[in-house]
Amino acid sequence: MKNAERQTRSFLMKLFAEHGFHPRGDLGQNFLIDLNLMEFVVRSGGLQPSDVVLEIGAGTGGMTSMIAPHVSRVLSIEIDSNMYEIARETTAPFENVTLLRTDVLKNKNRFSAVVVETLQRILAESPDPVFKLIANLPYNVATPVMSNLVASDLPWSVMVVTIQWELAQKMVAKHGESGYGALAVWLQSQCQVKILKKVKPTVFWPRPQVDSAIVRLEPLENPPAKIDDRRFFQDFIRRLFSQRRKLLRSVLIGMFRKQLTKPDVDRLLVDGGFAENARAENLDISHLVALSNRFRREIAGTSSDILGEDESEESIEA
Ligand code: SAM
């Protein structure tokens with residue numbers, strides 16, 4: 001029997017009982033036990049022999065083992081030493097699997113250095129690699145993992161992830177909709193984001209409280225607008241949406257208080273065709289990119305040409 005075929009509820013319960021440990025809720029340890037669905041996730045990545053796949057959260061190694069036969073290399077990350085030991089045994093037959101026992105994140109804004117270095121080494125060793133992220137993501141790191149990959153210079157081509165349904169809805173929300181925020185803008189400004197399936201809690205063990213979604217992201221070939229400075233834009237929209245109900249004008253005056261006067265802000269808004277009563281939540285992505293570019297150019301060359309360096313370690317929250 002192949003390893004992935006064993007990941008059923010009874011198999012997992014027995015495995016955990018034998019090892020004398022319990023799934024950790026704080027680490028998002030909800031394992032996929034519907035093997036058709038696991039196959040669906042893997043198939044949705046359109047795997048090819050030259051692919052290099054990053055999986056975050058190896059768990060028991062069930063999905064890792066399902067991916068490995070189809071691709072050139074798999075790098076799978078696992079924070080929990082119990083899970084890591086099990087995944088090591090499960091994936092031992094696959095020479096193309098590299099397992100790392102570490103937190104995937106250094107902080108909310110950065111992947112851990114060892115993850116990036118190992119990935120870069122694997123990509124450099126692989127002939128014509130196509131890099132993909134396939135993961136049943138732990139809920140606690142899902143947003144930073146996706147945001148950081150989009151922000152990074154890593155050459156990703158597809159992400160297929162299982163995440164909480166509510167998060168998926170925030171990722172696809174359009175302007176004027178309730179979930180529309182910095183995450184939707186950040187992702188949709190650079191990616192096509194598509195919910196492939198809604199999935200019930202019963203497909204996991206232990207069962208989570210909420211529905212989940214399988215989501216596919218691809219970089220956009222023709223983004224709606226060109227972002228001059230992605231780091232600036234990421235910070236800009238995070239700050240705008242942290243006060244989403246306030247008038248755009250007053251948020252911008254506060255945001256650029258060190259670099260621009262009120263008349264400067266008014267002029268930039270009028271020149272850009274933004275209404276006096278505009279709010280971030282009602283602006284579409286092209287307008288937000290245009291606004292960010294406009295302010296970026298205006299403050300270029302001022303003493304602090306990036307928004308308050310002191311605060312820029314904040315990340316985009318869902
Ligand atoms: N891939 C398996 C599956 O599909 O059944 C397990 C997925 S489970 C939802 C998420 C896994 O991510 C858990 O094994 C958990 O220990 C691990 N994990 C949680 N936080 C992590 C982090 N910050 N870095 C790396 N792994 C993490």
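Just so you know, residue 1 is the first one in the sequence shown, and it goes up from there. Bear in mind that the values here come from a model prediction, so they are computed numbers and not experimental data. Indexing begins at 1, ligand by ligand and atom by atom, following the structure's order.
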- Message: Which label fits F241 and Y180: parallel for a plane angle under 30°, tilted from 30 to 60°, or perpendicular past 60°?
- Response: perpendicular

- Residue set satisfying salt bridge (Lys or Arg N to Asp or Glu O under 4.0 Å) with R267, at least two apart, ordered chain then number -> D264, E298

- Message: Angle between ring planes, F21 versus H19, binned at 30° and 60°: parallel, tilted or perpendicular?
- Response: tilted

- Message: Is there a path of hydrophobic side-chain contacts, each under 4.5 Å between heavy atoms, that joins M13 and L15?
- Response: yes

- Task: Report the residues that fulfil salt bridge (Lys or Arg N to Asp or Glu O under 4.0 Å) with K14, sequence neighbours left out, ordered by chain and then residue number.
- Result: E18

Below 3.5 Å only, please: the N or O atoms of ligand 1 paired with protein N or O atoms, distance on each line.
from: ligand 1; atom 1: 1 (N); to: E55; atom 2: OE2; distance (Å): 3.3
from: ligand 1; atom 1: 1 (N); to: G57; atom 2: O; distance (Å): 2.8
from: ligand 1; atom 1: 4 (O); to: N136; atom 2: ND2; distance (Å): 3.1
from: ligand 1; atom 1: 5 (O); to: Q7; atom 2: NE2; distance (Å): 2.9
from: ligand 1; atom 1: 5 (O); to: L32; atom 2: N; distance (Å): 3.2
from: ligand 1; atom 1: 14 (O); to: E78; atom 2: OE1; distance (Å): 2.7
from: ligand 1; atom 1: 14 (O); to: E78; atom 2: OE2; distance (Å): 3.4
from: ligand 1; atom 1: 16 (O); to: Q29; atom 2: NE2; distance (Å): 2.9
from: ligand 1; atom 1: 16 (O); to: E78; atom 2: OE2; distance (Å): 2.6
from: ligand 1; atom 1: 23 (N); to: D103; atom 2: OD1; distance (Å): 2.8
from: ligand 1; atom 1: 24 (N); to: V104; atom 2: N; distance (Å): 3.0
from: ligand 1; atom 1: 26 (N); to: I79; atom 2: N; distance (Å): 3.3

- Can you run down the salt bridge (Lys or Arg N to Asp or Glu O under 4.0 Å) pairs that involve residues 134-144, sequence neighbours left out, and say none if there aren't any? none

